[in-house]
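Every chain is numbered from 1 and lettered A, B, ... according to where its sequence line falls, protein lines coming before strand lines.
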Amino acid sequence: MEAVFGNFDVYLAGFGLTIGLAVVSGVLSLLLGLLLAAARVGPVPVLARAAGLYVTLFRNTPLLVVFIFIAIALPRIGITFQSIEVIAVGDYNVSAFFVRAVVALTLYTSAFVCEAIRSGINAVPVGQAEAARAIGLDFGQVMRLVVLPQAARAVVPPMASVFIALTKNTSIAAAFGIAEAAATMRRFTNDNADQRVEIFLLVALGYIVIVEAIAFSSYALERRWKVAR
Amino acid sequence: MTAEAAHESGQIQAGRGEPLVVLDGVDKWYGSLHVLQDINLTITRGEVVVVIGPSGSGKSTLCRTINRLETIGQGSITLDGQPLPAEGKALANLRAEVGMVFQSFNLFAHKTILENVTLGPIRVRKQSKDDAEKLAMSLLERVGIAHQAQKYPAQLSGGQQQRVAIARALAMEPKVMLFDEPTSALDPEMIKEVLDVMVDLAQRGMTMVVVTHEMGFARTAADRVVFMADGAIAEENTPEEFFTNPRTERAQDFLGKILKH
């Protein structure tokens, strides 16, 4: 216990980074996944096939391989994301390590987000989209005004699972230069080999708190977005 | 004259008798199934055409090709002289001119009755919210649902939902209204309330294509009956002639089956 509570600021900073990675990658995955899903169900065959290929590629690749590609292979051909370090917001500037981790997590997670949204779109009766088209709405309006709002509710449970997986997947960033929760745990256990069990349990507890927060938010949203049929 | 006033007085009779919807040599296949076979049909302005026939005869498919919810394999369809656009903004604009009422109502489940009717006018016709709501309320008044404007579709009966669906289509001020078996999903006691609205619409001069099994509606409101069988138009006739003295054997056989009870 002493190892963690004696350095509680380090423990919190680690989970702060974990949450930071999860939130930034989560928001970006949501946006990219939404675009991919729209492309997959949309009327343009080229886009539908491209989005399908993207999902196949990133859903079938282990996240660790994606990380290695972004963090080790891309810098070989000159893509290091280091230019981002020059940009400062206030007196805070993002490290290239953080950006690489976000890129890897977003590429990987958006494939799952796309499929979760697509399952929600498929859950909306086809007559809803037909009626929307019949009054003259274009594809974007049909999606935005009629299909997606109704798909949202069906999407909440699978989407919560995707974001929970994302939260835990951020731990892979520990191997790529980010002092997030898993890296912090390793540091604690290296320094305090006699307290390993307590350290493991306290770090697990941190993850449980984050994951439960996501789960409870999803239950609340599910109730709020209930569409009567 | 405002759109609202035009609706109220029902002045949509201008140019009555000119061809409005023209289907010329239309064929459609589902794989090897020839669902529409060389359909030639002209619907004139102000005309009420009832399409009847056994299930699987292609009558719903025919109806849905007119606003291109179904594509066609061959032939051409024109609305007001313009061929139907294949896709994109032009197709959306065409659909705005063609009202459609579905068998399963298809009201937007997450929107109130009022929002269902105002969505098209606001988003497609770019009307202000106030104007759209005024128009919507006058239409809901006309179909007898005005007092339920703030409810959601699931809170209404089937007949009420279908009347809202008619109001939703009318709010776009369509040139022609398509009805795809509008009463087939309704309980018997609700059929009349929907048919009454449709008869009223026909009397105001709306051009209508109605796929239905309601022979009573065909008799009272139709100018012409189109009888389909096996994907082709087997007979076109006045309702009078069709019901009392059908020319084709297929039609005689069909009427013999449905009018016996």
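Closest heavy-atom contact between A:A131 and B:N106: CB-O, 3.4 Å. Closest non-hydrogen pair, B:R123 versus A:R144, comes out as NH1-NH1, 4.1 Å.
In this structure, the portions of A:E130 lying under 4.5 Å from any heavy atom of chain B include both its backbone and its side chain. Heavy atoms closer than 4.5 Å to chain A are found in both the backbone and the side chain of B:F108. Neither the backbone nor the side chain of A:A129 comes within less than 4.5 Å of any heavy atom in chain B.
The main-chain N or O of A:L145 is found under 3.5 Å from a side-chain atom of B:H110 such that the two form a donor-acceptor pair.
Within a 6.0 Å radius of OH in A:Y207, other residues, nucleotides and ligands contribute more than 12 heavy atoms. Atom CD of B:E141 has 12 or fewer heavy atoms from other residues, nucleotides or ligands within 6.0 Å.
From A:L137, atom CG reaches atom CG of B:L119 across 5.0 Å, with rounding to the nearest 0.5 Å. Taken to the nearest 0.5 Å, the NZ atom of B:K111 stands 11.0 Å off from the CD atom of A:Q128.
For residues 65-88 of chain B, heavy-atom neighbours of chain A at less than 4.5 Å comprise B:N67, B:L69, sorted by residue number.
For the pairing with A:I135, the side chain to side chain contact (heavy atoms under 4.5 Å, CB included) check across B:M172, B:M100, B:R95 returns one residue only, B:M172.
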